[in-house]
Structures are given as structure tokens and as C-alpha cells.
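For reference, positions follow the sequence shown, starting with 1. Read the numbers this way: they start at 1 and go in the same order the structure lists the ligands and their atoms.
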Amino acid sequence: MVDRIRELMHEIGEVTAETREEAEQLRLKYLSKKGLVSVLFDDFRSVPPDMKREVGKLLNELKTLTQEKIDALRSRFEDVVMPDSSTEDLTRPVTMEPGTRHPLSIVRNHIIDIFSHLGYTVAEGPEIEDDWHNFSALNFPPEHPARDMQDTFFISQDPAILLRTHTSSVQIRAMEKSQPPLRMIFPGRVFRNEAISARAHCIFHQVEGLYIDRNVSFADLKQTLLYFAREMFGEKTQIRLRPSYFPFTEPSGEMDVSCNICGGSGCNICKNTGWVEILGCGMVDPAVLDNCGIDSRVYTGFAFGMGIERITMLKYQIRDLRLFYENDVRFLKQFTGTI
Ligand code: PHE
């Protein structure tokens, strides 16, 4: 009997199982009512009394060993949960709705489309910029407030590395790389250190445009912007230019479009003026051309820049800019533009 117990102990030590079923087979083989271990307990009755103590102890050891081994083998397969095929209908049709483009993407693509008809190509640049491309090359004087931490997110101060505050930085990169004629637009994400409200966000999107060649005039700028406004807001749209100031353009202007909501008669979107401001623009300052290696005695050019959020709000009459960033499907699925 003792020999048989030791033999089984050895055997149990060696067994393995590759599947849950094999482990179950082992349990039946050793531990079920008629199993090899259980049968030894039946035989125990015939062990002479003076041996009972020793054999009983050994037999219990065998049982514990067998139980532990089989539990260990079974636990290896426990985390593999098989799908319950009786509750899953694998033939059920998929009823997922197709996604929609984000309104800001729809309007950005529309802007790109309009300018591509005028021969503009698209370029992008880095969101993390140095001082030269975001400020210095654009004629910002050293004491300009935009260079302050209050307005700009700096990554480091010396050297000044920052999150670009406008996509004008990409204009500089384009002018440094190629000689005129240049006719390009620059869509991208920009960053300003502003409190978030219904009308402002610290992250927003711009599209800037640049046209440089011989004899480019303010009249060209005006006609280009009129074409853009009518394509974007409708044929009857009027524009008006007001004098303004930017360090990198001279002269500079801001452009208003006639309110496409009330048609100019006055409403709360245009604050009863009939006009809404949509972009900044101007003739590229000769100093900026020279900074980029373009001869300002030969070439002139214009630039303009607009916020995509603002155009989108006007086009779709959205009153709170924060909706663009909340990912609320009820808001987003109302926009079905395809470009
Ligand atoms: N960069 C200006 C801004 O962010 C916009 C602008 C671009 C103005 C080009 C004039 C010319 O406000």
C-alpha cells in the first residue's frame, strides 16, 4: 500500500494538461468516487491497525497533493472565457451610423477649396515655434505685449520656444524657402493664453493666406477677399475694410462682411450694426520680405488671416465656441458637409 501511494505521488507530480477538458479528465481519474486516490481510501480499511497511523498520514498527503495539482492545472484555463454563442446573434446586421466631419473641418476644407480655385496651394508648419518665426521676422518689436507670458504659452524663455500664436509663422517659413511668385494658404492650430469663454479659447484654428509677386496691389487683396466672402457666405455678401495695425503688414486692415443672418438690417449677432468682423489683412511690410531674403524693391505682396471658429460660428449661427471642443455627438451630427 505504501508503495502504491508513493507511486501515485510521483505520477501526480508529472501529469500535465493542455486543455480544460484534459484537466477535468485528470480530476475524474484520480479524485472521483472510483478514482485512483479514492479507491486507496477504500483499501485503507484493510490496513493492519499498527500501520494505520503511518499509512493514513501518507494517504492524506497524497490527496492534498492531488487536489492542489489538479486545481493548479484547472486554474490555467479559467481566465479564457469563451463567448456564450447561444446569446450572441452573429448574423445580426450592423446598425452603426457613419460618422460626420467636425464643423471646423468642414469650414477649413471649404476655405481651402475656395482659395484653390484662385491658384493657392496649402502648406503647414510646426505648432512649436521659435521667437524668430512667430515674432521677430514678423517685425514684432521686443516690447510688444504678445511677447509677454500673459498672452503666449512659452515652452522655454532662453532661447524663446513657444506655442505659435498665429499661423503667420508658416508664412515666414514659406518665404524663407522659396522665391516669388508665392500664392499659398496656411491652415493650422494656434495657441493663446486666454481665459476660455463663449467667444474665446486658448486653442483655436486659423487660415492665413499670402500672395507675393511683382506689382501685387491692395486692389488685388480687396478683390480676392470679396471673392472669398461671396463664395463662403453667399453672392449678395458685401465687404468693408477698416484701417487697423499689425506689425507685419503696412497698410493693415480688418474686414467685415455684411451680416448673413439679418442681411444687414441688424440683429444680435452683428450687434445691430449689420456688419461682422471676420479677418485681418494688409500689404506685407517690406521689412518682413527682406527678413526672409525676398527683395522688397522688386516684390510686393498681401497677407490675410482668419479664425476658422469665427467663420464657422457665423455660417452656422453657433453662439458658444466651447461646443466645438466638447465632442457632444448631438451637436456634431447636425453637420453633414462632405468636403
Ligand atoms: N496674424 C494675424 C492674427 O493672428 C492675422 C493677420 C494675418 C493679419 C495676415 C494680417 C495679415 O491676428
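Considering only non-hydrogen atoms, atom 11 (C) of ligand 1 lies nearest to A303 out of S168, G253, A303.
Classified by interplanar angle (parallel below 30°, tilted 30° to 60°, perpendicular above 60°), the ring pair F135/H166 is tilted. Aromatic ring orientation, F304 versus F115: parallel (interplanar angle below 30°, classes split at 30° and 60°).
Contact annotation for S252 and ligand 1: no heavy atom of the residue comes within less than 4.0 Å of the ligand. Under 4.0 angstrom from ligand 1, the non-hydrogen atoms of R192 all belong to its side chain. Only the side chain of F248 comes within contact range of ligand 1, with a heavy atom under 4.0 Å; no backbone atom does.
Residue E208 has at least one N or O atom closer than 3.5 Å to an N or O atom of ligand 1. For H166, a nitrogen or oxygen atom sits less than 3.5 Å from a nitrogen or oxygen atom of ligand 1, counting backbone and side chain alike.
A donor-acceptor pair shorter than 3.5 Å can be found between the side chains of H205 and E309. Looking only at atom types and distance, the side chain of T152 has no donor-acceptor partner in the side chain of N193 under 3.5 Å away. For the residue pair Y30 and Q67, no side-chain donor N or O sits within less than 3.5 Å of a side-chain acceptor on the partner.
Contact between M306 and ligand 1 is absent, with no heavy atom of the residue lying under 4.0 Å from the ligand.
Here the side chain of R164 pairs a donor or acceptor atom with the backbone of R189 at under 3.5 angstrom.
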